Amino acid sequence: MKQAILNQIKDRLVFCYGDTVGQETFERVSALLADSADGDFKDSRWSQEDVLLITYGDTFLRDGEKPLETLHDFLKTHVKKAINNVHILPFFPYSSDDGFSVIDYHQVNPDLGDWPDVEKLGEDYHLMFDFVVNHISRESLWFTHYKADNPPYNKFFIEMKGDEDVSQVTRPRNTPLLVPAYTHHGRTLVWATFSADQIDLNFKNPDVLIKMLEVLLLYLQKGARIIRLDAIAFLWKELGTKCIHLPQTHEMVKLFRDVMSFVKPESILLTETNVPHAENLSYFGHQDEAHMVYQFALAPLVLHALHRGEGNYLTDWAMSLEPPPEGCTFLNFTASHDGIGVRPVEGILPEREVEDLITSMHRLGGFVTTKSNPDGSESPYEINIALFSACRETYHSNGPDQWQVDRFICSQNIMMTLQGIPAFYIHSLVATPNDLQGVEQTGRTRSINRRRWDYEYLLALVDSGRTSNAEVLKRITNILQRRKKHKAFHPDTPQKVLNLGSDFFALWRDAEDLRFPLLAIHNLTNDIKLINLSEIEGMERFSYWVNLLDNGGVSNAETKYVLQPYQSVWLMPETVDDVSALWAPYTD
């Protein structure tokens, strides 16, 4: 098996660099891997117990304590075993973009803690690290060496004269693609996809690849179970192309997976490609690229469905989904440290619906970020808003209503029922509203959803039991504790989406070898709705069903079942073992 992986690595290097340079690079990669091989992988890569929490290392601040220690305290006290994977967003020294402009890949930001703090977290939770592979900070030592013309770093970046035609290049931002750098040889221009502070690395140079593989191996050695390839779609550049999703980029993804399989076979590779849905799915490759891709279209579609009280577009999209390839799955999320992307719903939501959604989010205190197009125009890229605030009212209401918490919980229940692994952003877990003060302080619209909580103040809100923060945290952790017991929620269990009308989002999770199927139905409206369960194909298989989300039962012979506004029901056959345990609150 190990030799087969090495052969694949060699082929990928020859594809990207040609025969001679590819062979030379393979010898260097082989030397890197010589002392890094782990045992063979035998167990399943994931299960229904897998849930991911996304958080910055300094989301919680307490006097006299390192933020990573405070984060660990919150997890042990309030999350416990409801969540078993933690994505600590870039925790390295950085100069901008809240961590995604890395100064030093090898060090932990001392403002957060140190490597022992990260490894201590890893004793209680599986960890996900960001591999910020496309670019590095202008303030990094690598770029300093480049400006001083010190080998090998003097070839680490992409120099341009400024008269090249870059009009075809796909832009995720509206900032200049080429930015000035003042080097030992004078002023030049360098490629910067995301900002003037985030300088793209030149992967056409094998020296860059070797350096970045050293970083990858460090992260695996420090305990990363999941590696997130940040902004990977833009990795390889070729003038005259769109410089996104190029064949060499896909080969690099495959190579990173090969290295991870060689060193840590149970590890998981996740690609971050905030692009239209079909393009995003291309990073599964032929079961040889990402093990997991983000379900980017889910967040805007769920928000649209709950805001409109109509689920047609969400249902149509979900019904059209092809199951992930064997050995692959989706990471489902409704909120993250970035905004709610609108590019992933191109061709799914009509333009007028996107415009109406953006207008509504403006009314709720949100912002919109734009991107530059080849014709010089700009178009929406993402909505910047806290999801809890986005659920404050609907398109049809005249202002805030009493359903904010229930509407928000419904959004999370939808995510938890879909095939894949659910991911919760920390600010969703504690119902953080828009942080407009943070936007004023930083001048960046993404700060609206990146609040840094005074930990003692947050504890007062959570422990009071009478706040939205307390209610959301308690309800989600209770649901997760029930969910983890049932194989219907295993990431590999297929789903079948049902069309029960625009008021609902519904699906089966079932498989031939699954003893107990699950029927999930979500009321997307603020009205009481009745549904005839006896008309749903499959209900006749069992005479009695229970709702895992409360202590209620229902016979499939009943003609009508009442769903309260935004209520979710997860129905499983009554014969599940120890039904009463499903109703017990989470107290572990």
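As the structure is a computational prediction, the values presented were derived from the model and not from experiment.
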Using ring centroids (six-membered ring only for Trp), state whether Y294 and F330 fall under 6.0 Å. no
Check this for me: Q402, atom CD, are more than 12 non-hydrogen atoms of other residues, nucleotides or ligands nearer than 6.0 Å? yes
Taking atom types as modelled and ignoring hydrogens, do the side chains of T394 and H307 form a donor-acceptor contact shorter than 3.5 angstrom? no
Look at the rings of F100 and H337 and say which category their plane angle falls in: under 30° parallel, 30 to 60° tilted, over 60° perpendicular. parallel
Taking the inter-plane angle between the rings of F60 and Y455 on a 0 to 90° scale, is it parallel (under 30°), tilted (30 to 60°) or perpendicular (over 60°)? tilted
Worked verdict on R45 versus I268 for side-chain contact (heavy atoms from CB on, under 4.5 Å): CA-CA 8 Å; R45 198 173 298 278; I268 298 170; 3.7 Å; yes
D58 and R450 ion-paired at < 4.0 Å: no
Does any part of the side chain of Q419, heavy atoms only, come nearer than 4.5 Å to the side chain of P324, both counted from C-beta? yes
For S502 and E310: C-alpha separation, side-chain torsions, deciding distance, then whether side-chain hydrogen bond (donor to acceptor under 3.5 Å, both in side chains) applies. CA-CA 5 Å; S502 64; E310 300 174 3; 6.0 Å; no
With under 30° as parallel and over 60° as perpendicular, where do the rings of H304 and Y313 fit, or are they tilted in between? perpendicular
Checking R475 against D406 for the salt bridge (Lys or Arg N to Asp or Glu O under 4.0 Å) test, could you report, in this order, the C-alpha distance in whole Å, the side-chain angles of both residues, the deciding distance, and whether it holds? CA-CA 10 Å; R475 288 176 66 175; D406 292 321; 3.0 Å; yes
Sole residue of L429, L387, V302 in side chain to side chain contact (heavy atoms under 4.5 Å, CB included) with Q412: L387
With a 6.0 Å cut-off (strictly less than), is the heavy-atom count around CD of E351, excluding the residue itself, greater than 12? no
How long is the straight-line distance from CG of N312 back to CD of E353, given to the nearest 0.5 Å? 10.0 Å
Lys/Arg-Asp/Glu bridge criterion (N-O < 4.0 Å) met for D510, R515: no
Look at atom CD of E322 and say whether more than 12 heavy atoms of other residues, nucleotides or ligands are closer to it than 6.0 Å. no
Rounded to the nearest 0.5 Å, what's the gap from CG on D356 to CE on M361? Could you check? 10.5 Å
Distance in Å, N280 CG paired with F296 CZ, rounded so as to fall on 0.5 Å steps: 6.0 Å
Pair F129 + F91: ring centers closer than 6.0 Å: yes
Is the closest basic N to carboxylate O distance between D492 and K487 below 4.0 Å? no
Candidates L61, T432, T70 - the one meeting side chain to side chain contact (heavy atoms under 4.5 Å, CB included) with W453: T432
Check the angle between the aromatic planes of H427 and Y425 and answer parallel, tilted or perpendicular using the 30° and 60° thresholds. perpendicular
Within the structure provided, determine whether H277 and Q295 are in side-chain contact (heavy-atom separation under 4.5 Å). yes
Determine, for D401 against R392, whether the closest basic-nitrogen to carboxylate-oxygen distance falls under 4.0 angstrom. no
Indicate yes or no: does R343 engage E382 in a salt bridge with an N to O separation below 4.0 Å. no
Salt bridge check, R483 against E49: does any charged N sit closer than 4.0 Å to a carboxylate O? no
If you apply the rule side-chain contact (heavy atoms from CB on, under 4.5 Å), what do you find for L524 with D503, and how did you get there? CA-CA 5 Å; L524 303 174; D503 295 335; 6.0 Å; no
Would you please name every residue forming a salt bridge (charged side-chain N to carboxylate O under 4.0 Å, His left out) with E355, sequence neighbours left out? none
Should the heavy atoms of other residues, nucleotides or ligands under 6.0 Å from CD of Q287 be counted, would the total exceed 12? yes
Side chain proximity check, L530 to L563, heavy atoms < 4.5 angstrom: no
Starting from the C-alpha separation in whole Å, work towards a yes-or-no answer on side-chain hydrogen bond (donor to acceptor under 3.5 Å, both in side chains) for Q198 and S96. CA-CA 8 Å; Q198 295 164 293; S96 65; 4.9 Å; no
If the plane angle is over 60° it's perpendicular, under 30° parallel, otherwise tilted; pick one for F408 and F388. perpendicular
Please examine the side chains of N384 and I340, heavy atoms only from C-beta on, and report whether any two atoms are closer than 4.5 Å. no
K484 vs D50, test: side-chain contact (heavy atoms from CB on, under 4.5 Å). Steps then yes/no. CA-CA 8 Å; K484 66 191 290 186; D50 278 304; over 6 Å; no
Less than 3.5 Å apart, any donor N or O on the side chain of N526 or H396 sitting next to an acceptor on the other? no
Taking the basic N atoms (NZ, or NE/NH1/NH2) and the acidic carboxylate oxygens, is any pair closer than 4.0 Å for D98 and R444? yes
Quick one: are P380 and I358 in side-chain contact, heavy atoms under 4.5 Å? yes
Using the ring of each side chain (for Trp, its six-membered ring), is F489 parallel, tilted or perpendicular to W570, with breaks at 30° and 60°? tilted
How far does OG of S47 sit from CG of N84, to the nearest 0.5 angstrom? 7.0 Å
Run T329 and H291 through side-chain hydrogen bond (donor to acceptor under 3.5 Å, both in side chains) and show every step you take. CA-CA 6 Å; T329 196; H291 298 102; over 6 Å; no
Check the pair R451 / Y56 against side-chain hydrogen bond (donor to acceptor under 3.5 Å, both in side chains), numbers first and verdict last. CA-CA 10 Å; R451 178 171 179 170; Y56 281 102; over 6 Å; no
Beyond-backbone contact of I476 with I479, side-chain heavy atoms, under 4.5 angstrom: no
Check for me whether the distance between the ring centres of H245 and Y283 falls short of 6.0 Å. yes
For T370 and N174, test the side chains for any donor-to-acceptor distance below 3.5 angstrom and give the result as yes or no. yes
Return the CG to OG1 distance between L507 and T315, rounded to the nearest 0.5 Å. 9.0 Å
Applying side-chain contact (heavy atoms from CB on, under 4.5 Å) to Y381 and N274, what does each step give before you reach the verdict? CA-CA 9 Å; Y381 180 73; N274 192 359; 3.9 Å; yes
Give the intermediate values and the outcome of salt bridge (Lys or Arg N to Asp or Glu O under 4.0 Å) for residues D338 and R446. CA-CA 6 Å; D338 288 338; R446 280 181 168 177; 3.1 Å; yes
F194-H135 aromatic ring centre distance below 6.0 Å: yes
Gap separating the CG atom of L52 from the CD1 atom of I83, nearest 0.5 angstrom: 8.0 Å
Honestly, is R308 close enough over Y395, meaning NZ or CZ under 6.0 Å from the six-membered ring centre and within 45° of the axis? yes
Could you check whether R225 makes a cation-pi contact with W46, meaning its NZ or CZ is under 6.0 Å from the centre of the six-membered ring and within 45° of the ring axis? no
Heavy-atom side-chain proximity of L121 to L75 below 4.5 angstrom: yes
Heavy-atom side-chain proximity of V462 to T467 below 4.5 angstrom: no
